Visitor: 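Below is one structure. I have some questions about it.
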Protein chains: 2
Amino acid sequence: MDRQLDAEVALRLARADQRYTGLRRALVEVLAGAGRPLTIPEILQSRPGLSQSSAYRNVSVLVDADVVRRVTGAGDHGHFELAEDLAGHHHHIVCSSCGRVADVVPSPGLERALDEAARATTGFEVTEHRFDLVGVCAECR
Amino acid sequence: MDRQLDAEVALRLARADQRYTGLRRALVEVLAGAGRPLTIPEILQSRPGLSQSSAYRNVSVLVDADVVRRVTGAGDHGHFELAEDLAGHHHHIVCSSCGRVADVVPSPGLERALDEAARATTGFEVTEHRFDLVGVCAECR
DNA sequence: CCTTAGACGAGAATAGTTCTCATTTCCAAT
DNA sequence: ATTGGAAATGAGAACTATTCTCGTCTAAGG
């Protein structure tokens, strides 16, 4: 696994008073290697023997430590990916048929427009934006 | 309730081989009057006596008939609103603290940028885009 | 080593949502 | 109007993703 990523994750867990255990390292590895948001069942498949309760518990710890982010809006299962400042800012495209989620790298022009929209909003203190495309993936088509 | 909306909903339900019952009319009224996506508990509050199972069932019927759309990514409950072509295209801002969702009307420039991004995506047949802001609402702040 | 706080796994518990089924309502044809 | 059948309704059971509980085990620091 990437050394710098490893060190940054260790730092964030330490900040949250959490240990960087083998299981948590494994979760970070799986998510870093996937290149797209994964569900808990998908994570369990890639690490046979890992118990479901531990997967949920530790993903939750990683979310609280700002290492992992939960992605919603794609079928029944939550999807998980590395935090944006670890994996790079990107958006998602969701298949409306099978729920699969793929990463999309945005253009600078798009980002400028999105930030502008965030600034124009009143009444809320905007902290984040989400831009997802919805469509049908090649397999489902 | 708006006559044109009423007729359009009747048409869509007929297309889906569904009746436009009093309960379904009530649901459309509540959603049209809210001006923001509502959860099932919120809908139940505004129509006392309405049973939970009927609310879920009929909202689902309305979703299948393309009258209502489910909004995800805001807390534990799903939120429901009128379909975009009935209520007008808009985006949402979600309070990360309490889960409340408000509507946001986008600028033409933003829409142009979003459409461009959709066109640039390959591998998927893009049918829709979602752009949500996340922040903290005035009450929670 | 030993101690002890925390992590682990298995399964129970929870909560949002969907399903079942007995009853009622609605519509159409007589 | 009346009746027959198809669909809607409501109460509660069932389902499923997720979280919690608790007894056991691991591992870091003294």
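Every chain is numbered from 1 and lettered A, B, ... according to where its sequence line falls, protein lines coming before strand lines. Quantities reported herein were computed from a predicted structural model and do not represent experimental measurements. What you see below is based on every heavy atom in this structure, not just the backbone, and it leaves out hydrogens, waters and symmetry mates.
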Visitor: Could you check how far CG of A/L50 sits from P of C/dG9, rounded to whole Å?
Guide: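 Value for this atom pair: 6 Å.
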Visitor: Separation of A/R57 atom CZ from C/dG11 atom P, in whole Å?
Guide: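 That distance rounds to 15 Å.
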Visitor: Is a side-chain donor or acceptor of B/N58 paired with a backbone partner of B/V61 at a separation under 3.5 angstrom?
Guide: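 A pair under 3.5 Å: no.
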Visitor: Measuring to OP1 and OP2 of D/dG10, would you say a side-chain N or O of B/S51 lies under 4.0 angstrom away?
Guide: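 So the side-chain polar atoms of B/S51 do come within 4.0 Å of the phosphate oxygens OP1 or OP2 of D/dG10, strictly under.
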Visitor: B/Q52 CD to D/dC15 C1': how many Å, rounded?
Guide: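 Atom CD in B/Q52 sits about 14 Å away from atom C1' in D/dC15.
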Visitor: Calculate the interatomic distance between A/Y20 atom OH and D/dA27 atom P; express it in whole Å.
Guide: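 Atom OH in A/Y20 sits about 16 Å away from atom P in D/dA27.
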Visitor: How would you label the contact of A/I40 with the nucleic acid (heavy atoms, under 4.0 Å): base, sugar-phosphate, or nothing?
Guide: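 The answer is nothing, as A/I40 stays clear of every strand by at least 4.0 Å.
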Visitor: State whether A/S54 places a side-chain N or O below 4.0 Å from either non-bridging phosphate oxygen (OP1 or OP2) of C/dC8.
Guide: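 For C/dC8, neither OP1 nor OP2 has a side-chain N or O of A/S54 closer than 4.0 Å.
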Visitor: Does C/dA7 have OP1 or OP2 under 4.0 Å away from a side-chain N or O of A/R24?
Guide: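 True: A/R24 side-chain N/O within range (under 4.0 Å) of C/dA7 OP1/OP2.
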Visitor: Ring centroids only, cut at 6.0 angstrom: are A/H77 and A/H79 within range, meaning strictly under it?
Guide: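 For A/H77 and A/H79, the ring centres are not under 6.0 Å apart.
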Visitor: Within the pair B/H77 and C/dT17, is there a side-chain N or O less than 4.0 Å away from OP1 or OP2?
Guide: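 For C/dT17, OP1 or OP2 has a side-chain N or O of B/H77 closer than 4.0 Å.
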Visitor: For a quick check of understanding: with a heavy-atom distance under 4.0 Å over all strands, which category does B/Q18 fall into, base, sugar-phosphate or nothing?
Guide: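 Here B/Q18 touches the backbone only, sparing every base.
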Visitor: Among A/D66, A/D85, A/D64, which residue satisfies the salt bridge (charged side-chain N to carboxylate O under 4.0 Å, His left out) criterion with A/R12?
Guide: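 So the option named by the test is A/D85.
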Visitor: Would you indicate, yes or no, if C/dT17 has its OP1 or OP2 atom less than 4.0 angstrom from a side-chain nitrogen or oxygen of B/Y56?
Guide: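 Result: yes.
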Visitor: Expressed in angstrom and rounded to an integer, what is the separation of B/R19 atom CZ from D/dA6 atom P?
Guide: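 The distance from CZ of B/R19 to P of D/dA6 comes to 11 Å, rounded to the nearest Å.
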Visitor: Does B/N58 place a side-chain N or O at less than 4.0 Å from the phosphate oxygens OP1/OP2 of D/dT9?
Guide: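 Looking at the OP1 and OP2 atoms of D/dT9, one of them is under 4.0 Å from a side-chain N or O of B/N58.
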Visitor: Can a side chain N or O of B/S60 be found less than 4.0 Å away from OP1 or OP2 on C/dT18?
Guide: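 False: B/S60 side-chain N/O out of range (4.0 Å or more) of C/dT18 OP1/OP2.
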Visitor: Separation of B/R25 atom CZ from D/dT9 atom P, in whole Å?
Guide: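 Going from B/R25 (CZ) to D/dT9 (P), I get 12 Å.
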Visitor: Quiz question: going by heavy-atom distance under 3.5 Å, is there a donor-acceptor pair between the base of C/dA10 and the side chain of A/S53?
Guide: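 Flag set: donor-acceptor pair detected.
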Visitor: Rounded to the Å, how far apart are B/D64 CG and C/dT18 P?
Guide: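 Nearest whole value for this atom pair: 10 Å.
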Visitor: Given atom CG of A/L62 and atom C1' of D/dT18, what is their separation to the nearest angstrom?
Guide: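 Roughly 16 Å, once rounded to whole Å.
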Visitor: By nearest heavy atom, map A/T21 and B/D76 onto DNA chain C; which one lands nearer the 5' end?
Guide: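 Nearer the 5' end of the strand: A/T21.
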Visitor: Does the distance from a Lys or Arg side-chain N to an Asp or Glu carboxylate O, for B/R3 and B/E8, drop under 4.0 Å?
Guide: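 No, this pair does not count.
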Visitor: Are B/H91 and A/H129 an aromatic pair, judged by ring center distance below 6.0 Å?
Guide: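 Centroid separation for A/H129 and B/H91: 6.0 Å or greater.
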